[in-house]
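Note that the structure is predicted; figures quoted are calculated from it, not measured. One is the number of the first residue; the rest follow in order along the sequence. Atoms within a ligand are numbered from 1 in the order they appear, just like the ligands themselves.
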Amino acid sequence: MTILATRHLLTLADVSAAEVQRVFSITEDLKTKFGQGLREALLPGRVLTLLFEKQSLRTRVSFEAGMAHLGGSSMLLGDDAGFGKRESMADFSRVLSEMVDVVVIRAKKHLTVTEFAKYSACPVINGLTDFAHPCQALADLYTMREHFGNLEGLQLAWVGDGNNVARSLVEACGHLGVKIAVCTPKGYEFEPDFISSAKKTFPKLDIELTSDPRAAVRGANAIYTDVWASMGQESESEKRKREFADYQVNAKLMSLAPKDAIFLHCLPAKRGEEVTDEVIDSAQSAVVAQAANRMHVQKGILVWLLAAKA
Ligand code: CP
Ligand code: NVA
């Protein structure tokens, strides 16, 4: 088995559109087989390590279960490994990456994963930082492709904070030619640098920036939201609740979108804040399928990164 030379997935700017399609095609194949009760051991003996500076259910379990299905193993390094505390990042990364085949990191600061990757001899995957959540956005676009049959001509509306998930969705849409409307309250928009660099990196990017949720959802095939205060922003919760009050995805807002539009959320959700029970539990909601696809897409990512022959 050939290992690709230290490719990392820190943001979706690290991969090409063709590579995203390759991940989707591996995912589709493995998901079909999984549905038939087959778990192909494409990565026997390979070891995945996970480092989490923040809580996780979906990202951790999807990677661990996915690696087990592929015949590899995984280890979660807890506080006792001393990540970021006991030795330099360079030493930690150089040593760990000599012993394992791939590392997933969920870090408070994006700089932590870029620093780690700089010294790593094995691929590093961003499992969420304050800047990006690339694995999430891949699973989201995979979910839209699966639901609608293909991505051609689709529009996605983001209603909420201009956050990590939103940035990665912009990049995923830029790769795949999906139109995206990003609707944020004033003060919670993307940094101008992010938009200008995304437009350069993704020439196909078709993005509309607005502060009007009604304008964003009109014509959208998928309406997506996320918590108003991300992990690490808990102290801003009350202020954000006031400032995001007009940005709730509720039945009234959904009624402005086409009838066959789906509702997406990366989860965990704060029900009654960014989304009502009525919407997240509706027939239009695809959030459970979306979360389940995290595991299938992680398998696609792992096989793409580690098994060149697959
Ligand atoms: N969506 C997501 O990344 O969930 P977790 O925080 O549970 O991993
Ligand atoms: N924006 C959220 C996503 C959680 C999966 C956060 O960073 O907490």
| said: If the contact criterion is a heavy-atom separation under 4.0 Å, does R294 count as touching ligand 1? | reply: yes
| query | Is it true that L267 lies under 4.0 Å from ligand 1, counting heavy atoms only? | reply |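 In this structure, L267 qualifies as a contact of ligand 1 - some heavy atom is under 4.0 Å.
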| task | Any pair with a residue in residues 18-62 that passes ring-ring contact (aromatic ring centres under 6.0 Å, His included), sequence neighbours left out, goes on the list, sorted by first then second residue, please. | result |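 Pairs touching residues 18-62 that pass the test: F24-Y142, F34-H69, F34-H296.
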| task | With C183 as reference, evaluate D212, I223, T210, L209 under the side chain to side chain contact (heavy atoms under 4.5 Å, CB included) test and give the passing residue. | result |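 Running side chain to side chain contact (heavy atoms under 4.5 Å, CB included) over D212, I223, T210, L209 with C183 returns exactly one hit, T210.
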| said: Does ligand 1 come near enough to M231 that some N or O of the ligand is less than 3.5 Å from an N or O of the residue? | reply: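 So ligand 1 has no N or O lying under 3.5 Å from an N or O of M231.
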| Under 4.0 Å from any heavy atom of H133, which atoms of ligand 1 are there? | 2 (C), 3 (O)
| remark: ligand 1 to L57, heavy atom cutoff 4.0 Å, flagged ligand atoms 5 (P), 7 (O), 8 (O)
Do you see a donor-acceptor pair shorter than 3.5 Å between the side chains of [X] and [Y]?
X	Y	answer
Q290	H265	no
T184	E189	no
D130	N164	no
N250	E278	no

| field | Salt bridge K118-E115, side-chain N to carboxylate O under 4.0 Å | value |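 Here K118 pairs with E115 in a salt bridge, since their nearest N and O are under 4.0 Å apart.
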| task | Run the salt-bridge test on R7 and E19 with the 4.0 Å N-O cut-off and return the result as yes or no. | result |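 Salt bridge present between R7 and E19.
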| ligand 1 versus K54, non-hydrogen atoms closer than 4.0 Å: side chain, backbone, both, neither? |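 Neither; no heavy atom under 4.0 Å.
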| query | Which protein heavy atom lies closest to atom 6 (O) of ligand 1, and at what distance to 0.1 Å? | reply | R106 NH1, 2.7 Å
| message | For atom 4 (O) of ligand 1, what's the nearest protein heavy-atom neighbour? Residue, atom name and distance, please. | response |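 Checking every protein heavy atom, the shortest distance to atom 4 (O) of ligand 1 gives R58 NE, 2.8 Å.
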Anything under 3.5 Å between an N or O on ligand 2 and a protein N or O? List each pair with its distance, or write none.
residue	atom	partner	partner atom	Å
ligand 2	1 (N)	N163	ND2	3.4
ligand 2	1 (N)	N164	OD1	3.0
ligand 2	1 (N)	D226	OD2	2.6
ligand 2	1 (N)	S230	OG	2.7
ligand 2	7 (O)	N164	ND2	2.8
ligand 2	7 (O)	S230	OG	3.4
ligand 2	8 (O)	M231	N	2.8

Compile the donor-acceptor pairs under 3.5 Å between side chains in residues 279-289 and protein atoms, sequence neighbours left out, one pair per line.
residue	atom	partner	partner atom	Å
D281	OD1	R271	NH1	3.3
D281	OD1	R271	NH2	2.9
D281	OD2	R271	NH1	2.9
S282	OG	V279	O	2.7
S282	OG	Q284	N	3.2
S282	OG	S285	N	3.4
Q284	NE2	K259	O	3.4
Q284	NE2	A261	O	3.0
S285	OG	I280	O	2.8

| Can you name the residues that form a side-chain contact (heavy atoms from CB on, under 4.5 Å) with E273, not counting sequence neighbours? | W228, K241, K270
